[in-house]
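Indexing begins at 1, ligand by ligand and atom by atom, following the structure's order. All figures in this text were calculated on a predicted structure; none of them were measured in a lab.
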Amino acid sequence: MIPITLTVNGERVTRHVEPRRHLIDFLRLDLGLTGSHAGCEHGVCGACTVRVDGEIVRGCLVLAASLDGAEVTTIEGLSDSGEVADLQAEFVARNAAQCGFCTPGMVMTAADILRHHPQASRAEIREHLSGNYCRCTGYQAIVDAVEATLAQRRQEAGR
Ligand code: FES
Ligand code: FES
């Protein structure tokens, strides 16, 4: 077992983890943060997307033991922060979540677009979201929600 201390959603966490414990399992099984989902567990579907030190990663590809000193934000922390309240409202308004399995990872990636690509075009939004799979919505409503949120933020910022 390997001792790690990291910050998860603003709280300091110390645990002993198996060397091969993946971040998604550490979050879900050890910390009870079940908002992030384990889908393919092979880095393909994006359901496990979380933020590590400001960048989105796939939780099924990162070993928890490598995260000593890291800062992790999950969908729970992102939602509680209010950072994407407008995006979440657009998801609801447009029915962009159906079964909801992809939604936490999709929102984590969409939040990354909002932060780093405020001028993203619709094509660029689609490109950024292309690593997050959704089997229900056909993607249109999701892209619409991100596009509307970006437009609203640009309007508020006078850009
Ligand atoms: S569960 Fe990690 S990418 Fe699918
Ligand atoms: S809403 Fe069901 S997989 Fe996306």
Side-chain angles (χ1 to χ4, degrees), residues 2 4 6-9 13 15 17-68 70-81 83-117 120-152:
I2 298 173
I4 57 170
L6 65 167
T7 303
V8 180
N9 297 334
V13 172
R15 290 285 192 285
V17 295
E18 298 280 355
R20 297 182 67 82
R21 189 71 148 169
H22 288 105
L23 174 58
I24 187 65
D25 294 325
F26 175 71
L27 293 170
R28 289 178 55 83
L29 303 177
D30 296 347
L31 302 186
L33 293 168
T34 54
S36 308
H37 292 155
C40 66
E41 299 189 62
H42 285 85
V44 177
C45 73
C48 61
T49 304
V50 296
R51 197 182 277 170
V52 175
D53 293 333
E55 302 295 330
I56 52 172
V57 302
R58 297 189 185 285
C60 69
L61 297 183
V62 176
L63 294 175
S66 71
L67 295 178
D68 188 48
E71 187 168 335
V72 176
T73 304
T74 69
I75 190 65
E76 289 92 342
L78 183 72
S79 185
D80 288 348
S81 74
E83 180 185 322
V84 290
D86 51 353
L87 175 69
Q88 290 170 303
E90 293 289 352
F91 262 64
V92 172
R94 295 159 193 277
N95 219 14
Q98 291 183 24
C99 81
F101 189 84
C102 71
T103 309
M106 199 69 82
V107 169
M108 292 299 303
T109 301
D112 197 63
I113 300 172
L114 298 174
R115 290 175 93 200
H116 297 304
H117 306 284
S121 65
R122 188 173 181 86
E124 289 167 336
I125 294 168
R126 293 183 69 95
E127 172 68 22
H128 284 296
L129 293 175
S130 64
N132 289 78
Y133 290 6
C134 176
R135 302 183 75 176
C136 303
T137 66
Y139 298 99
Q140 293 293 343
I142 294 170
V143 177
D144 288 347
V146 178
E147 191 173 39
T149 307
L150 279 173
Q152 184 63 32

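The shortest distance between side-chain heavy atoms of D68 and L6 does not fall below 4.5 Å.
Taking a cut-off of under 4.0 Å to the non-hydrogen atoms of G100, the atoms of ligand 2 that pass are 1 (S), 2 (Fe). Interface of C48 with ligand 1, defined as ligand atoms under 4.0 Å from a residue heavy atom, comprises 1 (S), 2 (Fe), 3 (S). Which parts of ligand 1 touch G39 is read off a 4.0 Å heavy-atom cut-off, strictly below it: atoms 1 (S). With ligand atoms numbered from 1 in the order given, ligand 1 contributes 3 (S) to contacts under 4.0 Å with heavy atoms of G43.
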Residue pair D80, N9: steps toward the side chain to side chain contact (heavy atoms under 4.5 Å, CB included) verdict: CA-CA 9 Å; D80 288 348; N9 297 334; over 6 Å; no
Check against salt bridge (Lys or Arg N to Asp or Glu O under 4.0 Å), R94 and E147: CA-CA 12 Å; R94 295 159 193 277; E147 191 173 39; over 6 Å; no
Trace of the side chain to side chain contact (heavy atoms under 4.5 Å, CB included) decision for I125 with L150: CA-CA 10 Å; I125 294 168; L150 279 173; 3.7 Å; yes
Derivation and outcome, side chain to side chain contact (heavy atoms under 4.5 Å, CB included), residues R58 and L23: CA-CA 8 Å; R58 297 189 185 285; L23 174 58; over 6 Å; no
Chi angles and distances behind the side chain to side chain contact (heavy atoms under 4.5 Å, CB included) call for V52, V62: CA-CA 10 Å; V52 175; V62 176; 5.6 Å; no
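Here the closest heavy-atom approach between residue T74 and residue S36 is recorded as CB-OG, 4.0 Å.
At most 12 non-hydrogen atoms from other residues, nucleotides or ligands lie less than 6.0 angstrom from CD of E127.
In terms of protein heavy-atom proximity, atom 3 (S) of ligand 2 is nearest to R135 N, 3.2 Å.
Under 4.0 Å from ligand 1, not a single heavy atom of I24 appears.
In summary, an N, O or S atom of C136 is located under 2.8 Å from atom 2 (Fe) of ligand 2. For residue C60, no N/O/S atom approaches atom 4 (Fe) of ligand 1 to within less than 2.8 Å. Among the atoms of C40, an N, O or S atom falls under 2.8 Å of atom 4 (Fe) of ligand 1. Taking 2.8 Å as the criterion, C99 counts as a coordinating residue of atom 2 (Fe) of ligand 2, since one of its N, O or S atoms falls below it.
Of the listed options E41, H37, H22, E41 places a heavy atom closest to atom 1 (S) of ligand 1.
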